[in-house]
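Comments concern the structure below.
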Amino acid sequence: QYYDGQFDDARLLIHLCQTAAERGAVLLNYCEVTGLTKGADGFIDGAVAIDLESGREHEISARVVVNATGPFTDSIRKMDDQSVKNMISPSQGVHIVLDASFLPCESAIMVPHTKDGRVLFAIPWHDHALIGTTDTPLKEVVEEPEAFEEEIEFILDTAEQYLHKKPQRSDIRSIFAGIRPLVKTEDTENTAALSRDHTIHIAHSGLMTICGGKWTTYRRMAEDAVNHAAMLGQLEERPCPTRNLRIHGHCEEAENLGDLWIYGSDAYPIRDLIRQQPDLMEKIHPDLPYTRAEVAWGVREEMARTLEDVLSRRTRALLLHAQGAIDAASGVANLMAKELGKDAEWVDKQVQSFCAMASRCLPNERGVS
Ligand SMILES: Cc1cc2nc3c(=O)[nH]c(=O)nc-3n(C[C@H](O)[C@H](O)[C@H](O)COP(=O)(O)OP(=O)(O)OC[C@H]3O[C@@H](n4cnc5c(N)ncnc54)[C@H](O)[C@@H]3O)c2cc1C
């Protein structure tokens, strides 16, 4: 038997961000770096960033700038030096989600050799079946990657040989694509410390880039990055605590927390919220497991600013049931508007842009690529 671990990537990321904030980090959401600043000595000493909500530009000074922007790594490196060769070779991966009846068990299926030599997984995930993935080289990095028709067909054709029943295209609840920031072989520029599957690169200007790697190795990546940054910033040496650091939400009894188990210890304050405001117990959609309390919590405690934040990256509504997320959009946007003090125009814009994006996750709304 083969064992592996599984998790919810967005939830772990939110809890990591909260852990960082609790330990003194200042987090900025919807703030885009548009340039880097340099001192008279040519060393990078900060970044220029735009607050995408207010449109205001800020200059932020820094002893060390760490570029950890995944698929966008090269766009930041080019802000330092237009002439650098790309380090990233973008590769698209697509997943589809079916309901649990296609994989009615607690074990996952791994297909080690598909007909074109790839690996395919079918995994029980949030009471659904998650099937993927593909590995499609992309010429360029796009902000909203979209599944190609042949990727969907490949997943359906392969999965039907192994699942409990044959999935039709109309059985797909959601389709989503991501870009893996794979590292090319090194260019000739200066210091590169290659460590297992991630790369740390330090440019002549002092810009430090960490790229490649996987979620599986994120603590090791963090340790390497922080140790290099501390050295570059000439900080006092001290051991990195990540190996044994408990992250936000740590809880010994998560299995007793019912539907809110994914929040770990945050399940308790969310339950308190429902006790104080019982209408928040209502679900956002009959076919989705999420309550209005989780929307309020996302806005109040997890920096959710847009409908997409709540329906895709705080809850996983869009990934589990794209049509359900579209149907829930208006109700969720109205609740968010109340929490954030926004008006009806904001609600309309949010619903419109979310539904346009979410429709691309539906199986039958897609043009053939
Ligand atoms: C299909 C697929 C399957 C995968 N499967 C696995 C797996 O099974 N196991 C595993 O361990 N890993 C897996 N991974 C890999 C893992 O998800 C990636 O390694 C990881 O997401 C990359 O993390 P990152 O932090 O480097 O980049 P990202 O998660 O892409 O984060 C980069 C961040 O930088 C921000 N950013 C970019 N440009 C700017 C700018 N100018 N200003 C401000 N912010 C900016 C972006 O908004 C984003 O938030 C998979 C990835 C994909 C795509």
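Below, each value reflects all heavy atoms present in this structure, side chains not excepted, and no hydrogens, waters or symmetry copies. When a ligand or atom number is given, it counts from 1 through the structure's own listing order.
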#### Entry: Distance flag, aromatic centroids of F176 and H95, threshold under 6.0 Å
yes

## Note on the structure
Joining Ile, Leu, Val, Met, Phe, Trp and Tyr whenever any side-chain heavy atoms lie under 4.5 Å apart, the cluster holding I247 also takes in F7, L12, L13, L16, W215, Y218

### Message
Centre-to-centre under 6.0 Å for H285 and H321, is that the case here?
### Response
yes

### Task
Tell me, please, whether Y290 has K283 positioned over its six-membered ring: NZ or CZ under 6.0 Å from the ring centre and within 45 degrees of its axis?
no

Between ligand 1 and the protein, which N/O pairs fall short of 3.5 Å?
from     : atom 1 : to   : atom 2 : distance (Å)
ligand 1 : 11 (O) : W215 : N      : 2.9
ligand 1 : 11 (O) : T216 : N      : 2.8
ligand 1 : 11 (O) : T216 : OG1    : 2.8
ligand 1 : 12 (N) : W215 : N      : 3.4
ligand 1 : 19 (O) : G213 : O      : 3.4
ligand 1 : 41 (N) : V33  : O      : 3.1
ligand 1 : 42 (N) : V33  : N      : 2.9

### H126 and W261 aromatic ring geometry - parallel, tilted or perpendicular at 30°/60° bounds
tilted

### Cation-pi check, R118 onto F154 ring (under 6.0 Å, within 45° of axis)
yes

